[in-house]
Amino acid sequence: MKITVRAFAQFREVVGEVTVLDLPQRSGLPVLFAALASRSDESRGMLFDDQGAIREHVIFMVNRKRVPRSSLDSIILYEGDEVAIYPPVAGG
Amino acid sequence: MKITVRAFAQFREVVGEVTVLDLPQRSGLPVLFAALASRSDESRGMLFDDQGAIREHVIFMVNRKRVPRSSLDSIILYEGDEVAIYPPVAGG
Amino acid sequence: MITITQEDFDPGVYINAARDRQVGGIVTFTGIVRDDGITAIELETFREAALQELEAIRDEALSRYAIQSVDIIHRIGTLSVGDHIVLIVVGAPHRRDAFRACEYIIDRIKETVPIWKKEYTNEGSRWVPGEHT
Amino acid sequence: MITITQEDFDPGVYINAARDRQVGGIVTFTGIVRDDGITAIELETFREAALQELEAIRDEALSRYAIQSVDIIHRIGTLSVGDHIVLIVVGAPHRRDAFRACEYIIDRIKETVPIWKKEYTNEGSRWVPGEHT
């Protein structure tokens, strides 16, 4: 299934603005992050810490709804979903 | 000696905008208030309560400097002084 | 700038003037004549004392808070519903100081600056009681 | 009105629009590019999510505080020292609510609205770290 990933700020500079990933049906976010990380060492370093956990400062939305870190493992993705990843915001 | 009294808001409406009083040398504020009160029953009722004390809501300045109520009896007036009297402010 | 005037003002002009290389945030308070069933209000001042007190409040705000600039314009005379009464513009490097200082200034104005309001309604008029003695 | 735009704005226009019979006070916050040794900043946004979040913040402010109106304009794109970044205009019957709501809104914007700043200096560029995760 196709999942669109949008990245912003320094994540955009490393991962790219829009990435379409082809993931197994009913993949979760950890699968998506692993797929992004596999694209370059820089991507991996930005998304995962040395213990292989997704870094604290990575924020993510699914279909423009923020997903709390506690739901990282419980979300299931569906064909056409849009996942956004970004660092802490700094507007205003 | 001549003392100029300026009154504002409802005090102006009763006492008049500018009043020049001729008071004995080295009079204090109580003498000035008594002189104002003697000009009309309405002035007296506005400035003094039934016990003959100057009403709480009367605020006064001497030469544009606010005089606290605790200094009411200790101030001495001099020729040419300007005394302002007014009710609690309501600007802004 | 500290002003007491019969003239209306454009808040945008003063916000624009508060822009400065050291300023990261500008907070303004604009007081407006609210419709409390009135037809008009009339503001009276003891001008010399009021200007002196506004300057003292500005100086206190500048010494208490890390702010860059303070402007205060207070109108007097006859005003209608929707008219501007007062404008306070505070520029500061950081927003917290600008908010604190702006609110401090309007609170102090309502406490100590010799300005009074008389409200006119269809039934007559009354002096607005001050909150502080 | 909630807007994210590359265009500059005139705060005075929005203060004027917030005047209303029920409004006694208007509080504004104008964020400005401060001179921290930078040559320019660039603001990026996830526009659809940011608009949705700004609308949510406005609705929260309207339900938490006794206020009449909220307008928020946030700029994106390349800005120089002294340029406007953001404008928040809150109209309320009473000043306390306007102050509280305006500060609440700017605090929430800095916490949750997907907008990012990159600072350019003579030495290079860096993304401004967010205060909240």
Side-chain angles (χ1 to χ4, degrees), chain A residues 3-21 29-30 32-33 36 40 42-43 45-51 53-73 75 77 80-92, chain D residues 2-5 28-34 36 38 41-57 72-77 79 84-88 102-119 124-133:
Chain A
I3 302 292
T4 302
V5 178
R6 296 177 65 178
F8 297 91
Q10 52 269 54
F11 291 10
R12 171 181 53 72
E13 291 177 335
V14 170
V15 174
E17 190 171 342
V18 178
T19 308
V20 178
L21 294 175
L29 287 167
L32 177 139
F33 280 108
L36 282 177
S40 76
E42 229 188 332
S43 291
M46 175 162 267
L47 298 171
F48 288 92
D49 65 20
D50 294 344
Q51 278 72 48
I54 291 168
R55 288 187 187 278
E56 280 296 327
H57 69 257
V58 179
I59 300 173
F60 31 92
M61 284 185 162
V62 176
N63 299 329
R64 289 169 203 171
K65 209 163 167 245
R66 177 134 174 213
V67 176
R69 186 157 292 266
S70 57
S71 303
L72 181 61
D73 293 318
I75 296 273
L77 298 172
D81 277 355
E82 176 197 82
V83 175
I85 61 170
Y86 55 80
V89 305
Chain D
I2 304 286
T3 313
I4 294 175
T5 176
T28 72
F29 175 77
T30 310
I32 307 276
V33 182
R34 193 179 55 235
D36 290 336
I38 60 171
I41 65 168
E42 207 176 320
L43 288 120
E44 174 175 339
T45 189
F46 179 6
R47 182 190 290 273
E48 304 89 329
L51 284 170
Q52 174 187 291
E53 182 65 19
L54 288 173
E55 285 164 6
I57 292 170
I72 308 172
I73 305 178
H74 206 302
R75 289 180 74 190
I76 53 166
L79 303 178
H84 296 135
I85 301 173
V86 65
L87 175 68
I88 300 163
C102 190
E103 196 165 6
Y104 172 79
I105 291 166
I106 182 63
D107 286 353
R108 293 278 281 116
I109 287 174
K110 286 174 181 274
E111 277 168 29
T112 63
V113 177
I115 297 175
W116 302 270
K117 276 193 202 88
K118 194 172 194 173
E119 290 179 350
S125 67
R126 65 150 204 160
W127 287 96
V128 176
E131 290 165 37
H132 306 266
T133 53

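The structure displayed is predicted, hence computed values, not measured ones. To find a chain, count down the sequence lines: A is the first, B the second, and so on, and within it residues start at 1. For the numbers below, each heavy atom of this structure counts, side chains included, while hydrogens, waters and symmetry mates do not.
- Of all the heavy atoms in D:G130 and A:A90, the pair that sits closest is CA-CB, 4.2 Å.
- A:A84 approaches D:F46 most closely through the heavy-atom pair CB-CE2, 3.4 Å.
- Smallest separation of non-hydrogen atoms from D:K110 and A:G91: CG-O, 3.3 Å.
- Here the OH-CD1 distance, from A:Y86 to D:I115, works out to 11.0 Å after rounding to the nearest 0.5 Å.
- In terms of modelled atom types and a separation under 3.5 Å, the side chain of D:Q52 and the main chain of A:R64 share a donor-acceptor contact.
- Heavy-atom distances place the side chain of A:E82, and not its backbone, under 4.5 Å from chain D.
- With respect to the salt-bridge test (charged N to carboxylate O, under 4.0 angstrom), the residues D:E44 and A:R12 qualify.
- Counting non-hydrogen atoms of neighbouring residues, nucleotides and ligands closer than 6.0 angstrom, the CD atom of A:E13 exceeds 12 such neighbours.
- With a 4.5 angstrom heavy-atom cutoff, D:I85 touches chain A only via side-chain atoms.
- The 12-atom threshold is exceeded at CD of D:E55, counting heavy atoms of other residues, nucleotides or ligands nearer than 6.0 Å.
- Atom CH2 of D:W127 is separated from atom CZ of A:F11 by 11.0 Å, given to the nearest 0.5 angstrom.
- Judged purely by atom type and a 3.5 angstrom limit, D:K117 uses its side chain to pair as donor or acceptor with the backbone of A:G92.
- Closest approach of A:V89 and D:P114 over heavy atoms only: CG1-CA, 3.6 Å.
- Contacts of D:V113 with chain A are made by backbone atoms alone, with heavy-atom separations under 4.5 Å and no side-chain atom involved.
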